[in-house]
Structure formats: structure tokens, C-alpha cells
Amino acid sequence: LFLFFVMTLLFSISLSAREKSVMKLTLEDCLRAGLNNNFDVKISKINLEIKEQDIIKKESEFDPDLSVSLGKNSNSSNQNYADFSITKKTQIGTNLQLSHSIDRDNYNSSFGGSSYNSNMEFKIVQPLLKNAGKTVNTVFLKIENNNKVISENDLTEKIMQLSANIEKKYWDLVYYVELLELKKQNLKLAEDLLENNKKQVMLGSLAPVEITRAAAGAANREEGIITAENSLNGIRDDLLNLMNIADTYISWNGELFPEDKPSITESIPDLKESVDFAFSNLPEYLTFKKKLENSSLKIEYYKNQELPAIDLETTFKLNGIDGTWVNSYEEMSDYDNKSWSLKFGFKIPIGDRYNKSTIKQEKLINAQLVFEFKKLEQNIILNIKSRIREIGATLKRISSAKKAYELAQENYKIELKRFELNQSTTYDVLEFQEALMEAQTNLLKAITDNQKAVTEYRLVAGKTLLENKLLTEFEEK
């Protein structure tokens, strides 16, 4: 459908400058174009991929490292050597190291010539206080995962906001298209009245001044049409801009017309259900919860950094020496030359002003976030209450506008009969026409505002994706 939409636009560019083409679009057409073209959405998608790479970078801190070194000493023994080692840090803070070295001594008196010395060492260093445990060693990995969730929420929020903006602008387009049509109908009424007055003046049943009054009324309504057309074109440009095709199709000479009509939502949402849903699904709210979690994780990490560093180091070694490198390995595998060691290392910070200052700073930031979070909760509740009231107000306006429209129709019919009986003037008929036009406009505006109020409610309650299958599919992609 989107491809058809683009092809239609491209085809319309080939039309002559004076020829006007009409493109009828549904709300789904506009949403699809906006979601596929919007720069903010594309930027958020890229940012999400960047966050995924940040997670990989943090995970790589627990990848093993392999090191190899080869060398030769130009001393009296003319020694050659080769060293290999593998090191790895686990998520509980344990540092593992397996190393192996083999040295060739070109002169060793014990063997009457060359000798080979093979060594194998396995070392474990386990922190017992500072940097001990999975929580402290994976804290920044958790933060990066939370940051990815924040980016996902940011993308969802942009999709929801863009959708709401397009929907509201689409209903504005519907309103101004209908308004222009009403104004044209109103002008037709004035023109018909003018023609009728001319005939009546020729017959002598009306004074010539009635022609002037009818002509003035028609002229005023022509001006109203010009103003309405200008407003309509502005709304079309705004919608094209939200769909991000305004620049691409700037030479297009056609017009956008909405196919969908606003429906009246007569049910008023429940406040408690709406607030509970928002606190479980609203992207902005979920983002703030992740920010608070990140702040708490940092505080716990820096608290751990205040502890003394007490490390337990365990080492197990094997050694073999012989005239050939194969025999040196065999001797090493016999476990005749083995050794082990166990030691504790202590490091106690004195003063540690940097870490204490960091903890104090993180606690202050956390306190700020808590207050901002409470403020956000209040704003969410107030916004939902406001939108629910607005839905209720538009329903009352629709009911009132329908009655006013019906009465305006009756009054206009009565006034026309009075005019036919020479009991009224052209000025009176024009006034009743304007009253009918105003009643129609008010009803149209109330219905449109009802649809926009529902759109705003879905946005502040976090229900935009819930109510639109297209948006849900796009967000999942």
C-alpha cells in the first residue's frame, strides 16, 4: 500500500502545472508513510543498535586473553625461551590464569650440553571484599542493558508521538476539507438568494436595495472561502511534513484528501484503569524507572569500592627439566617437581576522598531522580484526567451542537417562508444562513475534537500502540 502511495505521487509529478490531481489517503496510509520516513524514528533505531554494541563491549570484559612471547638471550648460556598464557576474569570477580613456559639453555653442566626447562602454572585470584561477587562485577553490564531498554522506550515514545501528531493533523485535514465544503455551500445559498432577488426586483416585488445586500453577503462568503482554502493548504503541508515527503514532492501540483471520517467515541475511560495501564506501559515512565535502577546500581557499586581489597591468591606449579624438551614434559607430568602457594593480599584505602565524593554525588543524583519521578507520576495522572475530561466535554458539545444544528435548520426554513411572504428581509435571511453555517461548523468541530481528544488520551495513557495494529507491528520490527 505504501509502495502504491509513493508510485501515485511520482506519477502525479508528471502532470501539467495547471492540472490538479487528487490523492485520497486513509489514516493508515499517512501513518505508514510517516513511520517509514521520519528522521527521529530512524535516528532512534540507529541509537538502539549503538546500545547493543555497548552491551557487547561490556560483555567482552569477561572474554579470555591469550598472550604469546618468544625470545632469545645473548648471554653466556645463550638461552632461548617461549611463554604462553591464558587469562580470564569471571563474572564473580575471580581472575584465572594458566601459563606455560619452556626455556632452552644451550649450555648446562648437569646435562653436558643443552637443557630444556618446562613450567606450567595455574593461578586463581579471588577478591573477598572489594570487587567480590557477581553483583559488583556485572553492574555496568546491567546498566548497559538498562540503557538499551531506555533506547527501546525512546523509540516507542517517538513512534507514539509521531502517530498522535499525524492522527491529529489528519483529523484537522478532515475538518478543514469539510469546512471548505460548508463554506462553498453557504456561498451557493447566498448566490441563489442574489439570483432570486434579481428576479423579484424585475417583477417589482422587491426593492433594488435587496440585490445590493445579497451581493454583499455573497462577496463576504467568497472571502471566507479564500481564508478556508489557505488554512486547508497549510494543514496539507503540515501533514506532508510529518510524513516527511514535503521536500521530495515539492513540485507536486495535486491535493491530498482524507478518505476516513472521524467516529464519535461515546465511552469515557476509567481513570484508575488508565493510570494503572500508564504506569505499566508508558515509555516515559518505564524509562524513568530504569534511570532510577541505574542510579541505585551505581551507588551499590561505589559502596563496594569503599571496602578494603582482600584477595586470596592460589598458585599451583609443575616443573620439568631434561636434556630434551620431550623428556622435560614427561618429567613435569610425573608431578615430581610440583609446588603450590596460598597467600592473602590486603589493600586498605586511607582517606579515599574520591570514592566518598563519588558516592555522595550519586546519592544526590538519586534523590533528584526520585523527586522527578514523583513529579512525573503526578503529571501523568493530571494529563490522563485532563484528557478524560476533554472526551466528556466533546461528547456534551456534540449533543449540544446537534440540537443547535436541528434548530438552526428549522429557523432557516421558517425564515425562508417569511421572506417569500415579504415578512422578512435579505439581511435576515443571510443572518439565518450564517447561523446555520455556524451550527454545522460547531458540530463538525465537536466531532473532530472528540477524535483528537481520544488520540491525546491514548498517547498520555500509553495506549497508542494498543489501539493500532500497524504501529504495533512497526514497533516490533
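One is the number of the first residue; the rest follow in order along the sequence.
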Atom pair CD1/CG of Ile43 and Asp154 - distance to nearest 0.5 Å:
10.5 Å
Could you give the distance from CD (Glu59) to CD (Glu61), rounded to the nearest 0.5 Å?
10.0 Å
Compare every heavy atom of Glu390 with every heavy atom of Ala453, then report the nearest pair and how far apart it is.
CB-CG, 3.6 Å
Classify the ring geometry between Phe373 and Phe288 as parallel (under 30°), tilted (30 to 60°) or perpendicular (over 60°).
tilted
Sole residue of Asp449, Thr441, Thr448 in side chain to side chain donor-acceptor pair (under 3.5 Å) with Lys445
Asp449
Sub-4.5 Å side-chain heavy-atom contact between Ile124 and Phe316
no
May I ask you to check whether Tyr285 and Phe279 place their ring centers less than 6.0 Å from one another?
yes
To the nearest 0.5 Å, what is the distance between CD1 on Ile159 and CG on Leu31?
11.5 Å
What residue among Lys148, Lys45, Lys57 forms salt bridge (Lys or Arg N to Asp or Glu O under 4.0 Å) with Glu52?
Lys148
For the pair Asn450 (side chain) and Ile264 (backbone), establish whether a donor and an acceptor sit closer than 3.5 Å, ignoring hydrogens and angles.
no
Closest heavy-atom contact between Ser267 and Pro269?
O-CD, 3.8 Å
Can you check whether Leu98 reaches Glu121 side chain to side chain, under 4.5 Å on heavy atoms?
no
Tell me the closest heavy-atom pair linking Ser44 and Lys158, and the distance in Å.
OG-CD, 2.9 Å
Can you see which heavy atom on Thr138 is nearest to which on Phe62, and at what distance?
CG2-CZ, 4.2 Å
Determine whether a donor-acceptor pair (N or O, by modelled atom type, separation under 3.5 Å) exists between the side chain of Asn383 and the backbone of Asn379.
yes
Above 12 or not: heavy atoms from other molecules or residues under 6.0 Å from CD of Glu313?
yes
